[in-house]
Structures are given as structure tokens and as C-alpha cells.
Amino acid sequence: MRLGLALGYWGRGPSPDHVPLAREAERLGYHSVWTAESWGSDAFTPLTWIAAKTSTIRLGTAVAQMAARPPTTTAMHALTLDHLSGGRLMLGLGLSGPQVVEGWYGRPFPASPLTATREYVDVVRQVLRREGPVEAAGRFHAHPYRGADATGLGKPLKPITHPLRPGLPVLLGAEGPRNVAQTVRIADGWLPLYWAPGRPEVYGPAVADLPEGFLVAPMAHVRVCDDVAAGLLPVKAMLGFYIGGMGHAARNFHADLMARMGYEEEARRIQRLFLEGRRQEAIEAVPDAFADEISLVGPRERIAERLESWRKGPVTDLLALSPDPHTLRVLAELNS
């Protein structure tokens, strides 16, 4: 099992620690470093900055949001950064949810998310393969565009720039069993959310029959500390926000996943409290047991013991959410 460093997205502003953390992870032998985006900083610019300050560590987006860019634009970002970094990019994509797609990007959330994802990946791969002009008669992604308001002047185009790697890895963030099953069919890897080593069945039967070389790269909060309960507080804060605030009361994929993992009553309570403006209570309502099973928190010996369960399953890359260089060093030692 390889290690990655997950930096997420910026909060109020850029963190001065991200580049030093990425360089330390590279020194420790971490395989990859990953950035994200929500409705603030983008995923590609910080990753480009990190690429310029490192030399060997792989660079991943976990995830770049599909609604943020047409698939050809995403492919342009990917092939550009792959060239500039010497072939180090791993392109992680995610659809996000209606709240972000419609509220932030001002686009309709697709009526068929699986179809929209499949079409998006197809166009990205066409650009990266550069075997001919990009053509797609998709329901959501058509190239050239031939809608009722089209000029009729569009023509299929082939990328001017030759991609460095036609087979640049494409990974997808997926939560529901049908989405995971499609990810296994069309992508090179999967970025799970809330991975619990003892519950792979939550994601559906596809997880039990993965193709050779398929990447499974979940993110997990990792923290070496003496007080487990205190160490879980950042995990609970993140869960409170994602379960309670990252979605509508009637449609929240993160809350639905938590419910499938055996915490349905708790998930709905967190949603209710958060949407009522009682955010601290929502965080406190996150069960320690749930936060604990999807993270690696506690003394070195406890993390070492729990790390074994991560190694036994399908996980190929553990992406550590940790701003602490000491924790990164301990994790590298335990995984060696």
C-alpha cells in the first residue's frame, strides 16, 4: 500500500504549509500529493505550484469538479500539467452534488449522473489519446455542439498539443454502488469517501472484483496523538460539515453514504441540526465510532495495529489528511 498526502482545498486563503508538507512527503517516500476544490481555490493551480517545488512525487486532483469545466478544458489542464511535471499527474474527477453544481457553477445537475460522468470521461480520454478530432454525440457532452441555438459552424477539433501520456490515469470519486460499479468499468481508479476497512460491501459488489492494476485511493485523517477523543475532533468537524452542509436536506450523497454504513439515524440528526444553524451540536452528534473507523488516530501503537486492516483490503493508496510532519513521518515508518 502506497502513501499519499491529501492537502484538500484552501480555507480563507492559501496555507504556507502546503509546499513544505509536500516536500517533506516526497523526502519520506510518499508516492503522491493531492489537492481539491469546492467553491474557493481550484485544484490545478496549487498543484502546479507544488509541481514546481518538487521533482518525483506524483500529483493528483481529489477531486477536480466536472461541473467546473467542460471535459475538453479539464483535459487541457491535465495534459499541460502532465507535461510541465514530467508525467506526474493523476487526474481525479468528481461530479459533486446539486447544491454545488447549481448553486455555485450555475449549471443544471444532470438528470442521469452516471451518463454525464461516462460521457465526460470519454471526451477527456479522446483528448488525451489524440487519435483524431474529438467527437461525441452525448446527451450532456456533445462535441461539436449541435443544439437548437448552435451556429452550425462548429467542427471536430484535435488537440494542438501532443499529450505526454495518452494513458494518463483517470480516477473518479464515487459513493453509490451503481456509481462505483461504473467507475470500475470506465476509470483507472477510484477515490472512495469515508472508507471503512471492515465494510467494503457498503460500496457494492464491484469492490470484490477489481481489475488488475485498478487504483483504490481513499482519504483518511491521520494523527499521532495520546488522546484519541481529542484527535477525532477535526474528523467530526469535517463530517459535521459534509453530512450536514454539503447538500440539500432532501438530497445529500454524503449523508446517504453514512446511513448505508449503519448510522442512518445519526446522519439525519446531524443534517437536521446543521440546517437549523446548530452547527456545533451537529459536530458533537457525529458518533466517535464512525469518525474512528474511517480514520487513523491515536498513539503510534494504535495506528500501527489499525493500519493492518487497511493493508488487507483493496486499498492501493492511502491518502493521508494530515498537516503534521511528525504524523507523516510516523506513518511512513509504519508503512515501510
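Quick caveat: nothing in here was measured; it's all calculated off a predicted structure.
Applying the ring pair (Phe, Tyr, Trp, His ring centres under 6.0 Å) test to pairs two or more places apart or on separate chains, those with a residue in residues 118-149 are Tyr120-His141.
Checking Glu26 against Thr56 by side-chain atom types alone, a donor-acceptor pair falls below 3.5 Å. Residues Asp122 and Gln126 bring a donor and an acceptor atom of their side chains to less than 3.5 Å of each other. No side-chain donor from either of Ser295 and Arg223 sits under 3.5 Å from a side-chain acceptor of the other. Side chains of Asn335 and Arg2: no donor on one and acceptor on the other come within 3.5 Å.
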### Message
If you apply the rule side chain to side chain contact (heavy atoms under 4.5 Å, CB included), what do you find for Tyr105 with Trp39, and how did you get there?
### Response
CA-CA 9 Å; Tyr105 294 115; Trp39 50 89; over 6 Å; no
### Message
Could you go through Tyr9 and Thr35, starting from their C-alpha distance and side-chain angles, then the distance that decides it, and tell me whether this counts as side chain to side chain contact (heavy atoms under 4.5 Å, CB included)?
### Response
CA-CA 6 Å; Tyr9 45 78; Thr35 56; over 6 Å; no
### Query
side chain to side chain contact (heavy atoms under 4.5 Å, CB included) between Tyr263 and Val286: does it pass, once the steps are laid out?
CA-CA 9 Å; Tyr263 297 92; Val286 175; over 6 Å; no
### Task
Could you please spell out the steps behind the salt bridge (charged side-chain N to carboxylate O under 4.0 Å, His left out) verdict for Lys236 and Asp292?
CA-CA 9 Å; Lys236 295 178 66 169; Asp292 194 31; over 6 Å; no
### Task
Please step through side chain to side chain contact (heavy atoms under 4.5 Å, CB included) for the pair Ser32 and Leu5, ending with a clear verdict.
CA-CA 6 Å; Ser32 56; Leu5 169 65; over 6 Å; no
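Under a 4.0 Å N-O distance rule, the pair Glu333/Arg300 qualifies as a salt bridge. Comment: Arg329 engages Glu24 in a salt bridge, judged by a side-chain N to carboxylate O separation of less than 4.0 angstrom. Ion pair Arg125/Asp188 flagged as a salt bridge, since at least one NZ, NE, NH1 or NH2 atom sits closer than 4.0 Å to an Asp/Glu carboxylate oxygen. We find that Arg269 and Glu266 are not joined by a salt bridge, their nearest charged nitrogen and carboxylate oxygen being 4.0 Å or further apart. Checked for salt-bridge contact, Arg278 and Glu284 miss the test: no charged N lies under 4.0 Å from a carboxylate O. A salt bridge links Arg268 with Asp256: at least one charged nitrogen is closer than 4.0 Å to a carboxylate oxygen.
Residue Met219 shares its hydrophobic cluster (ILVMFWY side chains chained together at separations under 4.5 Å) with Trp34, Val63, Met90, Leu171, Leu191, Leu215, Leu319, Leu321.
Figure legend: cation-pi geometry between Lys53 and Trp49, with NZ or CZ positioned under 6.0 Å from the six-membered ring centre and within 45° of its axis.
Between Leu239 and Ile283, every side-chain heavy-atom pair lies at or beyond the 4.5 Å cut-off. Residues Val202 and Tyr194 are not in side-chain contact: their nearest non-hydrogen atoms beyond the backbone lie 4.5 Å or more apart. At a threshold of 4.5 Å between non-hydrogen side-chain atoms, the residues Leu95 and Pro110 count as touching. Between Thr61 and Leu91 the shortest side-chain heavy-atom distance falls below 4.5 Å. Counting heavy atoms from C-beta on, the side chains of Ser96 and Trp104 never come closer than 4.5 Å. Between Ser322 and His221 there is no side-chain heavy-atom pair separated by less than 4.5 Å. Side-chain atoms of Pro133 and Leu157, non-hydrogen and from C-beta on, never get closer than 4.5 Å to each other. Put simply, the side chain of Leu7 reaches to within 4.5 Å of the side chain of Val33, judged on heavy atoms.
Contacts of Pro16 classified as side-chain contact (heavy atoms from CB on, under 4.5 Å), with partners at least two apart in sequence or in another chain: none.
Closest heavy-atom contact between Trp10 and Ser41: N-OG, 3.0 Å.
Atoms CZ and CG, from Phe44 and Leu59 in turn, are 11.0 Å apart once rounded to the nearest 0.5 Å. Note that the CG atom of Leu232 and the CE atom of Met238 stand 10.5 Å from one another [nearest 0.5 Å].
Atom CZ of Arg23 has 12 or fewer heavy atoms from other residues, nucleotides or ligands within 6.0 Å. Other residues, nucleotides and ligands contribute more than 12 heavy atoms inside 6.0 Å of the CZ atom of Arg129.
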